[in-house]
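The block underneath contains the structure these notes are about, expressed in structure tokens.
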Protein chains: 2
Amino acid sequence: MFAAPKKGKEALPGDIAPIGRHSSLGESAYATLKDSLIRGALQPGTKLTLRSVAQVLEVSTTPARDAITRLIGEGGLINAGPKTVIVPYLSLPDLDELTAIRLSLEGLAAEQATNHMTESDIHELETLQERINRGLDEARYTDVLDANKDFHFLIYRRSGMRRLVTIIESLWLRMGPAFNGLYPEFAQSRTGVSNHLWALRGLQDRDPAAVRAAIENDIRGGYRRLSSQLAAVGEQHGESNA
Amino acid sequence: MFAAPKKGKEALPGDIAPIGRHSSLGESAYATLKDSLIRGALQPGTKLTLRSVAQVLEVSTTPARDAITRLIGEGGLINAGPKTVIVPYLSLPDLDELTAIRLSLEGLAAEQATNHMTESDIHELETLQERINRGLDEARYTDVLDANKDFHFLIYRRSGMRRLVTIIESLWLRMGPAFNGLYPEFAQSRTGVSNHLWALRGLQDRDPAAVRAAIENDIRGGYRRLSSQLAAVGEQHGESNA
DNA sequence: TTTTGAAATTTGATGCAACAAAAAAATTAG
DNA sequence: CTAATTTTTTTGTTGCATCAAATTTCAAAA
């Protein structure tokens, strides 16, 4: 049926080869769209068509199709009809589910990362935190959200668990659009700052449970703010699009 | 850039509409391949080419491409070279990571499902368990694995968390090929049976923690058996392909 | 036998056109 | 003005051809 695995001597190229580069138009189209989604650049309900994506990304329909198909698979886009894909709305049940998964997975990642963090990692986190603080002071909310994302994922990546990080990304992908138009309201709050500081302290102390708790707290704080926003604004989209 | 969301009256189709059916050749090609992977029908290392998949599935290259691309995104297939996609080997580090995630997520799903299970659900679980027992007696190992999968996912689905179930599926997708050629060795063990019984008891008692513990135990048991098999056979594929 | 290297073959990526289906717009009827 | 109906436009799907790049084959050289 399919080609059987190579049985040969399996010449391992020594110790290098964590490769995997895979640049193609489809790949970068996917990456670009995904980034837009995570950043909240696309409003929920925005309709994406094959040809419009192709045009914006300056590629043909084939790579655009690749990107859209993959994103639908991850839940970053959904089919709102046989020929209509849109950026999904985040309903309260959706947010509940996402949050529960995030608590599990980001908590796990944070825990696992704790004993892998280097001094320079921690220093980098502190730099990111400064950028967050400065962003809050100067009302540069996009910067705040970006730096916040970097802060979290720097930690998660140090878990050494690649698939885990990928899954967490797909969760953030789902949250992103909900922030659209909410930057000030959302980023203004400084509740997250103290959670980050607790996380930093836990990392320095090599205390996995403390780091996990800090991250979980951060997620819960975000949940509170987002859910009240959703309750206030988003009743018209009752159904879950998970 | 893209079409803005409809502002109109948003005619909700009443109460029905959990729809989302999306039958297309690409979709079914994806489903078919995915199923083959989960069932362990494909040996790790098996090379898949666009055209061979297209031929086997009796479709053109386009739907085959869809399926392969999506599966790569989920980690069910990997790029072993610029023009080579294979069924991934499961290294011990990979198994460790998968297991950690499974414990988190399947534990969560089991917990959440506990209070949603109906009498008839539980009855169905008992039926499945009988099929597992019979399969063990009669050495019908494929049946055992199938029924085992149904047992777990019936529970998980009752969590009501769709995205969670999808993610868990992608984890099983990654485990499937590792069972290839190991059916007897793996399914022979009856360790799983008592875990399932504990899970059933927990469900009847509406004890989420007990159900979670039973499922976690089941996962750990599988981990032990698989990891020793991997350690014995699979040294030649050192690198992680997560 | 092993190694090397070049030729032949196969591969994935990409663009594109045709088609049926669906959505949107325009029109008509009430 | 609203609602139904028809017309027009747009959409995703699918198959396929092309092309550069990578793989495989195979024979010559060591």
Side-chain angles (χ1 to χ4, degrees), chain A residues 1-13 17 19-33 45-73 76-87, chain B residues 1-13 17 19-33 45-73 76-87:
Chain A
M1 213 176 194
F2 293 119
K6 264 189 189 160
K7 29 191 171 178
K9 45 185 171 175
E10 186 76 24
L12 287 183
I19 39 89
R21 293 313 109 253
H22 192 46
S23 71
S24 69
L25 294 185
E27 190 72 21
S28 40
Y30 165 74
T32 304
L33 254 192
T46 303
K47 183 178 172 184
L48 301 195
T49 67
L50 246 192
R51 288 163 175 89
S52 68
V53 171
Q55 188 176 25
V56 168
L57 268 42
E58 294 185 287
V59 294
S60 81
T61 58
T62 306
R65 177 180 174 58
D66 279 351
I68 293 177
T69 302
R70 288 178 63 179
L71 254 358
I72 290 177
L77 296 174
I78 61 165
N79 275 103
K83 296 209 174 181
T84 325
V85 309
I86 64 169
V87 177
Chain B
M1 215 177 192
F2 294 118
K6 265 190 187 159
K7 30 192 171 175
K9 44 185 169 174
E10 185 77 25
L12 287 184
I19 41 88
R21 294 313 109 249
H22 193 42
S23 73
S24 69
L25 294 186
E27 190 72 19
S28 41
Y30 164 75
T32 304
L33 255 192
T46 302
K47 183 177 171 184
L48 301 194
T49 66
L50 245 191
R51 287 163 177 88
S52 68
V53 171
Q55 189 176 23
V56 169
L57 269 42
E58 295 184 285
V59 294
S60 80
T61 57
T62 306
R65 179 179 174 55
D66 279 351
I68 294 178
T69 303
R70 285 178 66 178
L71 255 357
I72 291 178
L77 296 174
I78 61 164
N79 275 103
K83 296 208 173 181
T84 325
V85 309
I86 64 170
V87 177

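When every heavy atom of B/A67 is checked against every heavy atom of B/L33, the shortest pair comes out as CB-CD1, 4.3 Å.
Among the nucleotides C/dA22, C/dT11, D/dT14, the one closest to any side-chain atom of A/P82 is C/dA22. Here the nucleotide nearest the side chain of A/K83, chosen from D/dT11, D/dT13, D/dA21, is D/dT11. Residue B/T84 places its side chain closer to D/dT23 than to any other of C/dA13, C/dT11, D/dT23.
Computed from coordinates, the B/L57 CG to D/dG15 P distance equals 11 Å when rounded to whole Å. Between the CZ atom of A/R70 and the C1' atom of D/dG12 there is a distance of 19 Å, rounded to whole Å. Look at CG on B/D66: it is 13 Å from C1' on C/dA13, rounded to the nearest Å. For the pair B/I86 CD1 and C/dG12 C1', the computed distance is 16 Å after rounding to whole Å. Taking atom CG of residue A/N79 and atom P of nucleotide C/dA21, one finds them 18 Å apart after rounding to whole Å. Atom CG in A/L50 sits roughly 14 Å away from atom P in C/dC16 (whole-Å rounding). To the nearest angstrom, P of C/dC19 lies 17 Å from CG of B/L25. For the pair A/E27 CD and C/dT14 C1', the computed distance is 15 Å after rounding to whole Å.
Residue B/R65 places at least one side-chain N or O closer than 4.0 Å to OP1 or OP2 of C/dA13.
Taking the nucleotide of DNA chain C with the nearest heavy atom to each of A/G26 and A/K47, the more 5' of the two is matched to A/G26.
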Protein and nucleotides 16-18 of chain D: nitrogen or oxygen contacts under 3.5 angstrom:
from, atom 1, to, atom 2, distance (Å)
D/dC16, N4, B/T62, OG1, 3.3

